[in-house]
Structures are given as structure tokens and as C-alpha cells.
Amino acid sequence: MLGTKTRVAVVLAASLALTATATPAYAAPATLVSVGPGTLVADGAAVDVPVTFVCDSDPTRIIAVPVVEMNQRVTDGRIANGFGNAQLGCTRESQTVTIRVIPRVMAFDPGAAVAFVVLQTCSAEFQCAAVTASEVIQLTQSGQAQIPPVLPE
């Protein structure tokens, strides 16, 4: 007959073995690489914003849903606001998608704006993970040279 210490050791070893086989491998989270600059479409009726990202390394995450919300102070201190999104497959490589942000009430102007980005990566069963980023980006008219923002030191 097994002693108490031996039984405890066997139970502990069995539970560790079950835990080791049930624990999924570590998956690196999704990464937002860059956002913007934005290009005004139809005099500010929309903004095209490039978003570059890498899906997480979990092979069950097959869908990427980047969402961009944009805010900009325009005439008389009012705030132009809008959002846009896309849905595409995860490649586990760097991917760039241009998201068209549609304003809700008033048009966007050339100049600085704040882009808030949420990147969701989801499995076929809609088990999702999300990462977020907030960036100040420059909005320019279509055809204008893209001037990088001047950041305070």
C-alpha cells in the first residue's frame, strides 16, 4: 500500500501533467505598427487613414477588425468626429489597410487630428482580443505632400 507522501506525490504529478497538456502555448499579442497620415476625400467629407498592424501569433485568430475613430478641432472650436472600420483575414505578417473615416456631422479640415484605433483579432467562434492606440496624425488634401507632424521635444 502506498504511503501518504507517495500518494500526494502521485496526485501532484498527475495534476501537473494534466495542467501542462491543457495549457495553450503562449501567443504574442497583436501589434499596431503605425497609423496615418490621413488624406482628405471630397473636401473633408471623409478621410482615408492607413493602419499597419500584425495579428497575434495565436493560429485560432483568423479575423482582424481595425476600427478608427477620429476627432479634430475645426472652425469656432467645434469638433469634427467620425469613424470607419475594416475586416480582413490575419496573415501573421505586417498588413496595411486604408480605412475610410466618415464624419458624423461636420467635415474634417487639413491639419492635426487625433486618431483612436482599436484592433480586434478574433477566432471563428468570435473569441476576440483587442489592442488600442491613440495618435495625433496630420490630415492633408489629396495630392498634397505628406508633411510629418512636428512633435514637441
Side-chain angles (χ1 to χ4, degrees), residues 14-153:
S15 67
L16 286 175
L18 288 174
T19 304
T21 58
T23 304
Y26 173 76
T31 306
L32 285 166
V33 177
S34 67
V35 179
T39 303
L40 294 170
V41 177
D43 292 325
V47 177
D48 286 343
V49 180
V51 175
T52 302
F53 63 92
V54 178
C55 284
D56 54 36
S57 61
D58 182 345
T60 65
R61 306 273 190 223
I62 60 171
I63 302 166
V65 182
V67 179
V68 177
E69 180 176 3
M70 188 167 312
N71 293 294
Q72 182 187 46
R73 185 176 186 273
V74 292
T75 314
D76 298 327
R78 296 179 294 171
I79 302 293
N81 169 271
F83 74 98
N85 67 332
Q87 179 177 324
L88 55 158
C90 286
T91 65
R92 316 263 180 284
E93 302 288 328
S94 180
Q95 295 175 257
T96 301
V97 61
T98 299
I99 297 177
R100 181 153 287 175
V101 176
I102 307 295
R104 290 186 176 114
V105 176
M106 61 186 62
F108 292 105
D109 290 334
V114 175
F116 179 71
V117 181
V118 177
L119 173 63
Q120 281 190 317
T121 54
C122 301
S123 69
E125 294 81 26
F126 296 103
Q127 299 295 319
C128 300
V131 293
T132 62
S134 182
E135 299 281 337
V136 175
I137 65 171
Q138 291 295 312
L139 306 183
T140 60
Q141 291 288 351
S142 179
Q144 285 184 336
Q146 302 288 339
I147 302 169
V150 177
L151 302 175
E153 292 183 26

> Within a strict 4.5 Å, meaning less than it, do heavy atoms of the Phe53 and Thr121 side chains meet?
Replying inline: no
>> Filter on disulfide bond (SG atoms under 2.5 Å apart), then keep only pairs touching residues 100-137, sequence neighbours left out; what's left?
In response: Cys122-Cys128
>> Between Gln95 (side chain only) and Gly89 (backbone N and O only), is there a donor and an acceptor less than 3.5 Å apart?
In response: yes
Could you list the donor-acceptor pairs under 3.5 angstrom formed between side-chain atoms of residues 60-67 and any protein atom two or more places apart in sequence or on another chain?
from	atom 1	to	atom 2	distance (Å)
Thr60	OG1	Asp58	OD1	2.8
Thr60	OG1	Asp58	OD2	3.2
Arg61	NH1	Gln127	O	2.3

> Does Phe83 reach the side chain of Ile99, with side-chain heavy atoms less than 4.5 Å apart?
Replying inline: no
> Can you name the nearest heavy-atom pair linking Met106 to Pro103, along with the distance?
Replying inline: O-CB, 3.1 Å
> Partners of Ala107 by side-chain contact (heavy atoms from CB on, under 4.5 Å), sequence neighbours excluded?
Replying inline: none
I'd like a table of donor-acceptor pairs (distance under 3.5 Å, sequence neighbours excluded) in which one partner is a side-chain atom from residues 40-51, with atom names and distances.
from	atom 1	to	atom 2	distance (Å)
Asp48	OD1	Arg100	NE	2.7
Asp48	OD1	Arg100	NH2	3.3
Asp48	OD2	Arg100	NH2	2.9

>> Glu135: which residues meet the side-chain contact (heavy atoms from CB on, under 4.5 Å) condition with it, sequence neighbours left out?
In response: Val35, Ile137
> Quick one: does Thr96's side chain get under 4.5 Å of Val33's, heavy atoms only?
Replying inline: no
>> Does any part of the side chain of Val54, heavy atoms only, come nearer than 4.5 Å to the side chain of Ser94, both counted from C-beta?
In response: yes
>> Measuring from atom CG of Leu119 to atom OG1 of Thr52, what distance do you get when rounded to the nearest 0.5 angstrom?
In response: 11.0 Å
> Going by the salt bridge (charged side-chain N to carboxylate O under 4.0 Å, His left out) test, which pairs reach into residues 76-97, not counting sequence neighbours?
Replying inline: none
> Of all heavy-atom pairs between Val101 and Gly82, which one has the smallest distance, and what is that distance?
Replying inline: CG1-C, 3.5 Å
>> As an exercise, state the distance from CG of Asn85 to CD of Glu69, rounded to the nearest 0.5 Å.
In response: 12.0 Å
> Looking at CD of Gln141 and CG of Leu139, how far apart are the two atoms once the value is rounded to the nearest 0.5 Å?
Replying inline: 9.5 Å
